[in-house]
Student: 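Got a structure for you, questions after.
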Amino acid sequence: STNEIPHDKSLDNSLTLLQEGYLFISNRMERYKSDIFEARLLGQKAICISGEEAAQLFYDNERFQRFGAAPKRVQKTLFGENAIQSMDDEPHIHRKKLFMSLMTPSYQNQLTDRLTDELNASISKWENADKVILLGESKDILTKVACDWAGVPLSDTELTQRADDFITMVYTFGTVGPDHWKGRRARNRAEQWIKGVIEDVRAGRLMVEEESALYAMAYHKQLDGKPLDAHMAAVELINVLRPIVAIATFITYAALALHEHPEYKEKLQNDNSKFTEMFVQEVRRYYPFGPFVGARVRKDFHWKNCEFKTGRLVLLDIYGINHDERIWKNPNQFQPERFKDWNSNPFTFIPQGGGDPAKGHRCPGEGITVEVMKTILDFLVNSIEYDIPNQDLNYSLSEMPTIPKSGFIMSNVRRKN
Ligand code: HEM
């Protein structure tokens with residue numbers, strides 16, 4: 001019976017969720033000594049689950065569906081409405097193939113080659129600047145590189161606005177009020193822009209390489225053989241561009257990790273990429289970015305003696321599983337070495353979701369994310385030197401998403417020979 005699920009007593013936990021942020025679920029798991037509890041969130045009953053077994057359960061497509069899971073306010077800022085995140089079954093698998101086909105190692109290399117060029121081209125500008133805010137610079141550079149890689153034309157004059165819109169969509173998903181509306185305006189502007197680009201391609205006004213993400217979205221055929229309408233094609237192309245720009249968050253954390261653990265600098269400098277990858281994985285595990293992910297119960301079932309009723313919203317605790325002490329020894333210490341003999345369990349390290357990305361909703365962009373982070377980390381330790389002036393590098397676990405306050409300021413940047 002459901003009596004065994006601890007119920008969190010508040011009338012509605014939405015506000016506490018915003019106040020406790022990344023620790024909302026794990027605080028209650030600890031309080032109830034349980035991997036499961038029920039709460040009222042966003043005006044409805046929700047079941048929160050954590051731990052490796054919970055992740056396995058959550059990625060069972062027989063038990064969960066995504067249609068109707070993401071609140072409209074999240075779709076109107078972060079995801080786009082009715083996009084891949086809310087699809088199920090064959091149509092989802094078919095759409096997912098499209099995304100996966102754009103994220104192969106060869107696509108990753110095309111992106112990181114452009115990134116390396118752009119980073120090197122930035123050095124003289126950075127040398128002449130009083131200070132360089134890594135978060136902001138990464139956001140602009142990634143926007144430029146992602147658009148070029150995807151085949152989307154972007155003039156220098158519109159770069160900052162487009163970059164700000166992408167990052168705003170990411171940073172407003174948990175907000176209400178004016179910030180939420182800022183997120184909606186950013187999304188509307190981006191959708192208008194990219195929809196126009198899709199229409200230009202289809203009308204033959206814009207020539208684009210067949211291998212590009214823009215071409216793939218413009219000419220993708222759905223299961224019924226029909227193309228996506230121009231708006232949906234734009235939403236899905238934004239689902240490629242926006243998260244590439246969002247890697248700026250992990251880049252900022254990577255620089256912070258290097259600053260907090262200078263003992264790793266030499267190792268990173270002399271590395272053949274194995275240690276850099278371990279460092280990057282630990283950044284993705286340790287620092288907060290995706291807090292949790294949601295789905296709805298497809299049909300009634302029981303798990304651990306608890307009843308999961310059809311339609312119930314279920315939240316999987318991403319941050320908590322990445323800091324679960326049953327899985328990670330000293331989870332609150334930054335230790336890249338833990339990834340030396342990592343067993344690649346798809347349900348215990350889930351910064352970008354769990355399971356098999358080809359079969360479920362796990363992020364298709366992990367390869368891109370890791371390669372982009374490795375490229376920038378290598379650049380930071382081998383191509384430039386910099387000072388780190390006094391600044392507020394704190395980040396709050398009770399803001400979602402969160403980021404070091406200063407955005408990581410570097411000064412006195414100089415090129416390394
Ligand atoms: C899905 C995180 C980068 C494209 C997801 C999910 C998470 C996530 C948590 C949901 C998993 C689930 O629903 O089970 C992140 C983080 C990133 C990142 C923290 C770091 C910046 C990327 C990149 C791309 C990308 C670089 C593309 C180039 C997507 C897409 C989905 C997705 C299309 C939806 C997949 C589906 O519904 O089947 N990501 N991601 N992400 N991500 Fe990422």
Side-chain angles (χ1 to χ4, degrees), residues 22 55-61 64-67 69-70 74-75 78-80 82-89 91-104 107-108 110-112 115 138-139 142-143 145-147 149-150 166-167 169-171 173 213 216-217 235-254 280-281 283-285 287-296 314-319 321-322 346-347 349-373 376 400-403:
Y22 288 87
Q56 264 168 19
L57 177 80
F58 186 84
Y59 283 97
D60 179 348
N61 293 331
F64 292 99
Q65 65 176 46
R66 298 304 179 96
F67 181 76
V74 174
Q75 294 190 39
L78 186 63
F79 293 163
N82 308 317
I84 183 165
Q85 295 90 344
S86 334
M87 296 174 73
D88 294 300
D89 305 317
H92 173 251
I93 299 291
H94 183 70
R95 185 75 54 87
K96 193 63 175 276
K97 274 200 191 115
L98 164 65
F99 280 89
M100 302 284 286
S101 74
L102 300 170
M103 290 169 201
T104 59
Y107 279 93
Q108 294 170 18
Q110 289 168 33
L111 185 71
T112 51
L115 178 59
S138 311
K139 159 194 69 98
L142 287 169
T143 299
V145 166
C147 286
W149 168 85
F166 285 134
I167 211 80
M169 286 180 230
V170 177
Y171 279 87
F173 80 82
M217 292 298 173
V235 166
E236 297 295 38
L237 186 51
I238 291 170
N239 270 329
V240 174
L241 299 172
R242 180 204 65 249
I244 295 178
V245 177
I247 303 171
T249 303
F250 275 149
I251 290 167
T252 306
Y253 283 129
V280 159
Q281 298 296 50
V283 169
R284 295 200 305 140
R285 182 197 72 83
Y287 292 98
F289 196 7
F292 48 76
V293 55
R296 280 192 194 278
V314 176
L315 301 181
L316 178 71
D317 186 15
I318 287 187
Y319 183 80
I321 291 173
N322 286 340
F347 299 109
F349 176 50
I350 58 166
Q352 299 181 217
D356 178 350
K359 296 190 176 132
H361 283 270
R362 187 187 188 126
C363 180
E366 288 189 279
I368 283 188
T369 304
V370 167
E371 293 309 313
V372 162
M373 290 173 72
I376 302 221
M400 287 187 302
T402 183
I403 192 77

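Just follow the structure's listing: the first ligand is 1, and inside any ligand the first atom is 1. Note that the structure is a prediction, hence the values are computed from the model and not measured.
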Student: Distance under 4.0 Å to a non-hydrogen atom of G365: what atoms of ligand 1 satisfy this?
Tutor: 23 (C), 24 (C), 26 (C)

Student: Can you report which non-hydrogen protein atom sits closest to atom 23 (C) of ligand 1, along with the distance?
Tutor: P243 CB, 3.4 Å

Student: Can you name the atoms of ligand 1, numbered from 1 with element, that are less than 4.0 Å from a heavy atom of F99?
Tutor: 33 (C)

Student: Quick one: nearest non-hydrogen protein atom to atom 13 (O) of ligand 1, plus distance?
Tutor: R66 NH1, 2.7 Å

Student: Carefully, step by step, assess W149 and Y107 under the rule side chain to side chain contact (heavy atoms under 4.5 Å, CB included).
Tutor: CA-CA 9 Å; W149 168 85; Y107 279 93; 4.0 Å; yes

Student: Side chain to side chain contact (heavy atoms under 4.5 Å, CB included) for K359 and Y59? Distances and angles first, verdict last.
Tutor: CA-CA 9 Å; K359 296 190 176 132; Y59 283 97; over 6 Å; no

Student: Quick check for you: to the nearest 0.5 Å, what is the distance between I321 atom CD1 and R285 atom CZ?
Tutor: 13.0 Å

Student: Using the side chain to side chain contact (heavy atoms under 4.5 Å, CB included) definition, which of the options L316, V293, D317 pairs with I350?
Tutor: L316

Student: Provide, to 0.1 Å, the distance between atom 42 (N) of ligand 1 and the closest protein heavy atom, together with that atom's residue and name.
Tutor: C363 SG, 3.1 Å

Student: Go through the steps for N322 and R284 under the test side chain to side chain contact (heavy atoms under 4.5 Å, CB included), then give the verdict.
Tutor: CA-CA 9 Å; N322 286 340; R284 295 200 305 140; over 6 Å; no

Student: Should N239 be counted as touching ligand 1, given the test is an N or O pair under 3.5 Å?
Tutor: no

Student: How close does the nearest protein non-hydrogen atom get to atom 29 (C) of ligand 1, and which residue and atom is it?
Tutor: P364 CD, 3.4 Å

Student: May I ask you to identify the nearest protein heavy atom to atom 14 (O) of ligand 1, giving residue, atom name and distance to one decimal place in Å?
Tutor: Y59 OH, 2.5 Å

Student: Using modelled atom types only, decide if a donor and an acceptor are shared between the side chain of Q75 and the backbone of A70 within a distance under 3.5 Å.
Tutor: yes

Student: Give the contacting part of R95 toward ligand 1: side chain, backbone, both or neither, where contact means a heavy-atom distance below 4.0 Å.
Tutor: neither

Student: Please state which part of I318 comes within less than 4.0 Å of ligand 1, counting heavy atoms only: side chain, backbone, both or neither.
Tutor: side chain

Student: How far is atom 18 (C) of ligand 1 from the closest protein heavy atom, and which atom is that?
Tutor: Q352 NE2, 3.2 Å

Student: Which label fits H361 and H92: parallel for a plane angle under 30°, tilted from 30 to 60°, or perpendicular past 60°?
Tutor: parallel

Student: Are the side chain of K96 and the backbone of R362 linked by a donor-acceptor contact shorter than 3.5 Å?
Tutor: yes

Student: Report, in ascending order of atom number, the atoms of ligand 1 lying under 4.0 Å from any heavy atom of V240.
Tutor: 27 (C), 28 (C)

Student: Within a distance under 4.0 Å of any heavy atom of I247, pick out the atoms of ligand 1 and give their elements.
Tutor: 21 (C), 26 (C)

Student: Nearest 0.5 Å please: distance from the CG atom of L241 over to the CG atom of L237.
Tutor: 4.5 Å

Student: Go through the steps for V240 and E236 under the test side chain to side chain contact (heavy atoms under 4.5 Å, CB included), then give the verdict.
Tutor: CA-CA 7 Å; V240 174; E236 297 295 38; over 6 Å; no

Student: Give, for atom CD of Q110 and atom CD1 of I368, the distance between the pair rounded to the nearest 0.5 Å.
Tutor: 10.0 Å

Student: Among all protein heavy atoms, pick the one closest to atom 19 (C) of ligand 1 and tell me residue, atom and distance.
Tutor: F289 CD2, 3.4 Å

Student: For V293, take its heavy atoms, then give the atoms of ligand 1 lying under 4.0 Å from any of them.
Tutor: 12 (C), 13 (O), 14 (O)

Student: Do you see a donor-acceptor pair shorter than 3.5 Å between the side chains of T252 and Y287?
Tutor: no

Student: Could you name the option among H92, Q85, E371, R362 that has the heavy atom nearest to atom 38 (O) of ligand 1?
Tutor: H92

Student: With heavy atoms under 4.0 Å as the rule, classify the contact between M103 and ligand 1 as side chain, backbone, both or neither.
Tutor: side chain

Student: Using a plain distance cutoff, I'd like to know if T369 has any nitrogen or oxygen under 3.5 Å from a nitrogen or oxygen of ligand 1.
Tutor: no

Student: What atoms in ligand 1 come closer than 4.0 Å to a heavy atom of K96?
Tutor: 35 (C), 36 (C), 38 (O)

Student: Rounded to the nearest 0.5 Å, what separation is found between the CG atom of L57 and the CZ atom of F64?
Tutor: 4.5 Å

Student: Please write down residue, atom name and distance for the protein heavy atom closest to atom 35 (C) of ligand 1.
Tutor: H361 O, 3.5 Å

Student: Just which atoms of ligand 1 are under 4.0 Å from any heavy atom in A246?
Tutor: 21 (C)

